[in-house]
Trainee: 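The structure under discussion is supplied below as structure tokens; questions concerning it will follow.
One-based numbering, in listed order, for ligands and for the atoms of each.
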Amino acid sequence: MENSKQMRTWLDDMKLDHPLVIAGPCSAETEEQVLRIANELKDTDVNYYRAGIWKPRTRPGMFEGVGALGLKWLQKVKSETGMKTCTEVANAAHVKLALEHDVDLLWIGARSTVSPFIMQEIADALEGTDKIVLVKNPVNPDLALWLGGIERLYTAGIKNLGAIHRGFSTYEKTKYRNIPEWQLAIEFQNKFPDLPLINDPSHITGNREMIFDVSQTALDLNFDGLMIETHFDPDNAWSDAAQQVTPSKLIQIMRDLKIRKESDTEAGYNTELSNLRAQIDVLDSQLIEMLGKRMKISDAIGALKKQKNVAVLQSNRWNAILGNMILEGETKGLSEEFVLKMFKAIHQESINHQEKIINS
Ligand code: PEP
Ligand code: MN
């Protein structure tokens with residue numbers, strides 16, 4: 001992925017020699033809990049201390065956060081440990097209180113990004129602030145909503161902006177709590193290459209065992225940082241217990257992650273890379289060429305079916321093709337998921353072609 005960052009941002013100004021790290025509990029529970037976790041994180045690479053004060057919970061009756069009281073605890077974190085702090089804001093009243101209590105970074109949660117009215121209310125309340133404001137992706141995989149949220153803040157004169165990729169909810173059961181849909185995050189980066197993009201493996205995985213792998217994938221994709229929920233007693237956390245790690249586990253994760261450079265100026269590397277990319281370009285052209293040929297054959301089949309007044313969709317034939325291709329793909333190291341997705345797309349295009357012919 002080419003990434004041509006041109007503008008200096010708040011993140012460049014921090015001059016970090018590692019990706020940005022935001023860590024702390026999902027929720028502020030008690031003053032002791034907030035301070036204890038902060039103390040365990042203060043002499044590490046963690047750059048911002050997070051704690052949710054107002055918690056958007058799916059069902060009523062669950063712990064909905066300690067509210068404004070927690071802002072006092074975050075102030076204490078700052079004065080006792082020197083750490084910068086951050087929290088989620090979801091309406092104008094939250095913004096006002098967070099600014100009054102000098103929270104350093106505010107983020108907008110996935111359930112707020114889905115609502116243009118709420119986004120506008122928050123943008124108006126933040127107007128002209130020099131605080132850092134990060135926008136989480138909306139819960140549903142809708143790139144335009146995410147971009148729109150950023151645009152509303154930018155239009156309100158908020159210059160220190162960034163985004164958080166926290167995955168997308170899906171009705172299907174998957175190994176993730178929120179599926180990453182990495183392609184969407186990459187598209188986001190392409191639209192706003194200068195905007196710092198942080199990954200939130202906690203909310204993507206919902207499971208502390210998978211946090212390392214998702215974090216590494218994010219760094220491999222040039223993400224600028226990570227937000228990882230951290231608690232000294234994750235299992236007894238008042239929210240998101242399964243996905244929080246202990247401070248020592250977080251330190252271990254940070255130590256084990258491989259940080260890749262965006263590029264390298266060494267000549268040998270560049271020659272080798274251009275050579276490999278040239279090979280990919282040739283293969284990509286061949287793929288397009290072959291798909292074009294395949295569609296021409298589909299067109300001929302469409303014409304035949306039209307003559308005999310036969311339906312376009314023949315499920316048996318299609319299932320046989322799919323089964324064979326999945327098996328063949330396996331021998332070439334292609335995952336079933338990929339082969340399935342690719343052939344569904346090819347099949348859909350074939351159907352579109354044949355429909356056009358039959359109805360012509
Ligand atoms: C959170 O960060 O604790 C949170 C509620 O996140 P999200 O908005 O991504 O669900
Ligand atoms: Mn959480």
Trainee: Check for a donor-acceptor pair, side chain of Asn199 on one end and backbone N or O of Leu226 on the other, with a separation under 3.5 Å.
Mentor: no

Trainee: Does either side chain, that of Ser350 or that of Arg294, offer a donor lying less than 3.5 Å from an acceptor on the other one?
Mentor: yes

Trainee: Measure the acute angle between the ring planes of Phe188 and Phe192, then classify it against the limits of 30° and 60° as parallel, tilted or perpendicular.
Mentor: perpendicular

Trainee: Check ligand 1 against Cys26 and write out every atom of the ligand that is under 4.0 Å from a heavy-atom position of the residue.
Mentor: 3 (O)

Trainee: What is the nearest protein non-hydrogen atom to atom 8 (O) of ligand 1, stated with its residue, atom name and distance?
Mentor: Ala110 N, 2.9 Å

Trainee: With respect to Pro56, determine whether any N or O atom, backbone or side chain, lies less than 3.5 Å from an N or O atom of ligand 1.
Mentor: no

Trainee: Ignoring angles and geometry beyond distance, decide whether Asp240 reaches within less than 3.5 Å of ligand 1 through its nitrogen or oxygen atoms.
Mentor: no

Trainee: Which class fits the ring pair Trp182 and Phe223: parallel under 30°, tilted 30 to 60°, perpendicular over 60°?
Mentor: perpendicular

Trainee: Looking only at the side chains, is there a donor atom on one of Asp240 and His231 sitting less than 3.5 Å from an acceptor on the other?
Mentor: no

Trainee: Should the proximity of Glu88 to ligand 1, defined as any heavy atom under 4.0 Å, be assigned to the side chain, the backbone, both, or neither?
Mentor: side chain

Trainee: Hey, is the main chain of Glu266 close enough, under 3.5 Å, to the side chain of Asn270 for a donor-acceptor pair?
Mentor: yes

Trainee: Please say whether the positively charged group of Lys84, taken as NZ for Lys or CZ for Arg, lies over the ring of Tyr49, i.e. under 6.0 angstrom from the six-membered ring centre and within 45 degrees of the axis.
Mentor: no

Trainee: Which protein heavy atom lies closest to atom 7 (P) of ligand 1, and at what distance to 0.1 Å?
Mentor: Lys136 NZ, 3.5 Å

Trainee: Which of the numbered atoms in ligand 1 are under 4.0 angstrom from any heavy atom belonging to Arg166?
Mentor: 7 (P), 9 (O), 10 (O)

Trainee: Under 3.5 Å, side chain of Thr81 to main-chain N/O of Lys78, donor-acceptor pair present?
Mentor: no

Trainee: So for ligand 1, is Asp200 a polar contact partner (N or O within less than 3.5 Å, distance only)?
Mentor: no

Trainee: What is the OD2(Asp240)-the Mn ion (ligand 2)-NE2(His203) angle, to the nearest 10 degrees?
Mentor: 90°

Trainee: Considering the heavy atoms of Gly109, write down every atom of ligand 1 situated less than 4.0 Å from one of them.
Mentor: 8 (O)

Trainee: In terms of side-chain geometry, is the basic nitrogen of Asp102 or Lys131 positioned less than 4.0 Å from the acidic oxygen of its partner?
Mentor: yes

Trainee: Short list, please: which atoms of ligand 1 are under 4.0 Å from a heavy atom of Lys55?
Mentor: 1 (C), 3 (O), 5 (C)

Trainee: Starting from atom 4 (C) of ligand 1, which protein heavy atom do you reach first, and at what distance in Å?
Mentor: His203 NE2, 3.5 Å

Trainee: Which ligand 1 atoms, with their elements, are less than 4.0 angstrom from a heavy-atom of Arg50?
Mentor: 1 (C), 2 (O), 3 (O)

Trainee: Is the closest side-chain donor-acceptor distance between His353 and Asp299 under 3.5 Å?
Mentor: yes

Trainee: What's the SG-the Mn ion (ligand 2)-OE2 angle here (Cys26, Glu229), rounded to 10 degrees?
Mentor: 90°

Trainee: Report yes or no: does a heavy atom of Glu229 sit under 4.0 Å from some atom of ligand 1?
Mentor: yes

